[in-house]
Amino acid sequence: MKPAITVLGTGRMGAALAHALLKGGHSTTVWNRTIEKTAALAAAGATVAASVLDAVEASEIIVVNVTDYPATAVLLRGDVASALRGKLVVELTSGTPNGAREAGEWATEYGVTYLDGAIMATPDFIGTEHGTILVSGPRQVFEQSKEMLQALGGNVQHVGDDLGLANALDSALLALMWGSLFGALQSIAVCRAESIDLGELARQWTATAPVVEGLVTDLIKRTEAGRLAADDETLSSISPHYSAFRHLVELMDVRKIDRTVVDGYDAIFRRGIAAGHLHDDFAALSQFMGEAG
Ligand SMILES: NC(=O)c1ccc[n+]([C@@H]2O[C@H](COP(=O)([O-])OP(=O)(O)OC[C@H]3O[C@@H](n4cnc5c(N)ncnc54)[C@H](OP(=O)(O)O)[C@@H]3O)[C@@H](O)[C@H]2O)c1
């Protein structure tokens with residue numbers, strides 16, 4: 001028989017998690033601060049707990065998905081912390097690496113088994129084969145919980161025993177995502193200024209996205225291998241990138257488009273060029289991102 005699961009927090013993501021657990025055949029108890037948000041889950045077969053304590057007492061595995069770790073800390077204190085002794089808490093709320101490590105220390109103090117996860121998906125991906133959830137914590141605990149976790153997403157991966165790793169990878173991947181989203185904001189501004197239909201931008205982005213994906217993957221691999229100087233496999237050195245970048249900046253100045261984001265790019269280009277890397281691979285810029293770079 002599949003283990004009963006409690007889900008604390010049924011906002012957009014928590015509700016999707018609870019629906020996926022029900023669909024996966026788990027007896028599911030839910031609690032939410034605003035009880036009205038549990039109505040659809042009750043209709044789908046979930047038990048709605050009147051208090052966090054009742055919810056925690058209903059299952060041996062507690063999935064938490066609220067806004068942030070401070071909210072989790074308030075929910076899991078006092079009697080609730082005592083009731084969690086010997087149970088597994090799977091924290092799927094977004095947070096920082098150190099936030100997860102501190103939560104791990106709290107769990108050890110209260111005799112709670114703890115996994116920390118980062119959901120790399122929107123609610124519509126939860127419960128599907130493309131739902132990616134990164135999990136850190138003791139591998140043995142992960143393996144024991146894998147079936148339940150796979151009900152939440154087909155691509156559930158253990159990323160390491162260090163509890164902070166899932167959140168660290170989450171931030172790294174979100175940095176990539178925001179690079180694309182803020183890049184899109186600039187593209188939209190350029191198209192509007194130049195009277196280019198946004199449907200055309202969408203079509204050309206679809207056509208060129210594989211090139212960008214290839215460049216990003218190449219950059220990561222070359223940086224990992226330390227291949228920062230240009231060689232026969234270099235796709236583009238810093239020099240042509242910077243020339244094209246200057247065209248963008250000129251256009252933005254002429255059209256009075258906000259330069260906040262591109263000024264950051266310019267600063268990094270300039271650091272690399274000043275250090276003599278104009279004709280090196282773009283990956284050479286990885287050295288100019290701060291102390292760890
Ligand atoms: N949505 C996404 O695409 C997505 C993707 C990846 C990760 N996540 C992460 O999942 C978590 C939830 O996101 P969401 O999109 O579901 O947000 P949401 O719809 O705004 O839901 C937030 C949830 O947190 C609860 N909450 C907030 N503060 C609380 C407190 N002090 N005490 C008790 N409960 C509290 C809310 O309760 P009430 O209903 O009472 O307000 C609600 O259940 C976040 O950490 C988010 O970063 C979301």
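Read the numbers this way: they start at 1 and go in the same order the structure lists the ligands and their atoms. For the numbers below, each heavy atom of this structure counts, side chains included, while hydrogens, waters and symmetry mates do not.
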**Student:** Give me the nearest non-hydrogen protein atom to atom 6 (C) of ligand 1 as residue plus atom name, then the distance to 0.1 Å.
**Tutor:** Ile119 O, 3.2 Å

**Student:** I'd like to check which ligand 1 atoms, numbered from 1 as shown, lie under 4.0 Å from a non-hydrogen atom of Lys37.
**Tutor:**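 Matching atoms, with element in brackets: 38 (P), 39 (O), 41 (O).
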
**Student:** Would you mind listing which atoms of ligand 1 come within a distance below 4.0 Å of any non-hydrogen atom of Pro123?
**Tutor:**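 Counting atoms of ligand 1 from 1, those under 4.0 Å from Pro123 are 1 (N), 2 (C), 3 (O).
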
**Student:** Considering only the protein, which heavy-atom contact is closest to atom 11 (C) of ligand 1, and what is its distance?
**Tutor:**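 Residue, atom and distance for the closest contact: Val66 O, 3.2 Å.
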
**Student:** Which protein non-hydrogen atom lies closest to atom 31 (N) of ligand 1, naming both residue and atom, and how far is it?
**Tutor:**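 Answer for atom 31 (N) of ligand 1: Arg33 NH1, 3.4 Å.
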
**Student:** Which atoms of ligand 1 are found less than 4.0 Å from any heavy atom of Ala71?
**Tutor:**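 Within the 4.0 Å cut-off of Ala71, ligand 1 contributes 29 (C), 30 (C), 31 (N).
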
**Student:** Please state which protein non-hydrogen atom is closest to atom 15 (O) of ligand 1 and give its distance, to 0.1 Å?
**Tutor:** Arg12 CB, 3.8 Å

**Student:** Is it the case that ligand 1 has an N or O less than 3.5 angstrom from some N or O of Ser94?
**Tutor:** yes

**Student:** Do any N/O atoms on Leu75 end up under 3.5 angstrom from N/O atoms on ligand 1?
**Tutor:**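 No; every N/O pair is 3.5 Å or more apart.
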
**Student:** For atom 16 (O) of ligand 1, what is the closest protein heavy atom, and at what distance to 0.1 Å?
**Tutor:** Met13 N, 2.7 Å

**Student:** What are the atoms of ligand 1, with element, lying closer than 4.0 Å to any heavy atom of Thr10?
**Tutor:**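 Matching atoms, with element in brackets: 43 (O).
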
**Student:** Specify the protein heavy atom at minimum distance from atom 12 (C) of ligand 1: its residue, its atom name, and the distance to 0.1 Å.
**Tutor:**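 Protein heavy atom with the smallest distance to atom 12 (C) of ligand 1: Asn65 OD1, 3.3 Å.
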
**Student:** Considering only heavy atoms of Thr93, which atoms of ligand 1 have at least one such atom less than 4.0 Å away?
**Tutor:** 45 (O)

**Student:** Heavy-atom pairs closer than 4.0 Å: do any link ligand 1 to the side chain of Asn32, the backbone, both, or neither?
**Tutor:**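 The answer is the side chain.
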
**Student:** Tell me the protein heavy atom at minimum distance from atom 22 (C) of ligand 1, and give that distance in Å.
**Tutor:**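 Looking only at protein heavy atoms, the one closest to atom 22 (C) of ligand 1 is Thr67 OG1, 3.6 Å.
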
**Student:** A quick test of your reading: do over 12 heavy atoms of other residues, nucleotides or ligands sit less than 6.0 Å from CZ of Arg77?
**Tutor:**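 Result for CZ/Arg77: open.
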
**Student:** Among protein heavy atoms, which sits nearest to atom 38 (P) of ligand 1, and what does the distance come to when rounded to 0.1 Å?
**Tutor:**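 Nearest protein contact, heavy atoms only, for atom 38 (P) of ligand 1 is Thr34 OG1, 3.4 Å.
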
**Student:** For residues 79-91, run the donor-acceptor check on the side chains, cut-off 3.5 Å, and write out each pair with its distance to 0.1 Å, sequence neighbours left out.
**Tutor:**
| unit_1 | atom_1 | unit_2 | atom_2 | d |
| --- | --- | --- | --- | --- |
| Ser82 | OG | Gly78 | O | 3.4 |
| Lys87 | NZ | Val56 | O | 2.9 |
| Lys87 | NZ | Ser59 | O | 2.9 |
| Glu91 | OE1 | Thr93 | N | 2.9 |
| Glu91 | OE1 | Thr93 | OG1 | 2.6 |
| Glu91 | OE2 | Thr72 | OG1 | 2.8 |

**Student:** Should Asn98 and Tyr69 be marked as a side-chain hydrogen bond (donor to acceptor under 3.5 Å, both in side chains) after you check the CA-CA gap, both sets of side-chain angles, and the distance that decides it?
**Tutor:** CA-CA 11 Å; Asn98 282 343; Tyr69 284 37; over 6 Å; no

**Student:** Please could you name the atoms of ligand 1 that Thr122 approaches to less than 4.0 Å, counting only its heavy atoms?
**Tutor:** 3 (O)

**Student:** Polar contacts were defined as any N/O atom of the residue lying under 3.5 Å from an N/O atom of the ligand; does this apply to Asp68 and ligand 1?
**Tutor:**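 It does not: no N or O of Asp68 is found under 3.5 Å from an N or O of ligand 1.
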
**Student:** Between Gly9 and ligand 1, is there a nitrogen or oxygen pair with a distance under 3.5 Å?
**Tutor:**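 The answer is no, given that Gly9 and ligand 1 share no N or O pair closer than 3.5 Å.
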
**Student:** Quick one: does ligand 1 sit under 4.0 Å from the side chain of Ala121, the backbone, both or neither, non-hydrogen atoms only?
**Tutor:** backbone

**Student:** Mind checking whether Gly11 has an N or O less than 3.5 Å away from an N or O of ligand 1?
**Tutor:**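 Gly11 vs ligand 1: N/O contact under 3.5 Å present.
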
**Student:** In terms of ring plane angle, is the pair His130 and Phe125 parallel, tilted or perpendicular, where the classes change at 30° and 60°?
**Tutor:** perpendicular

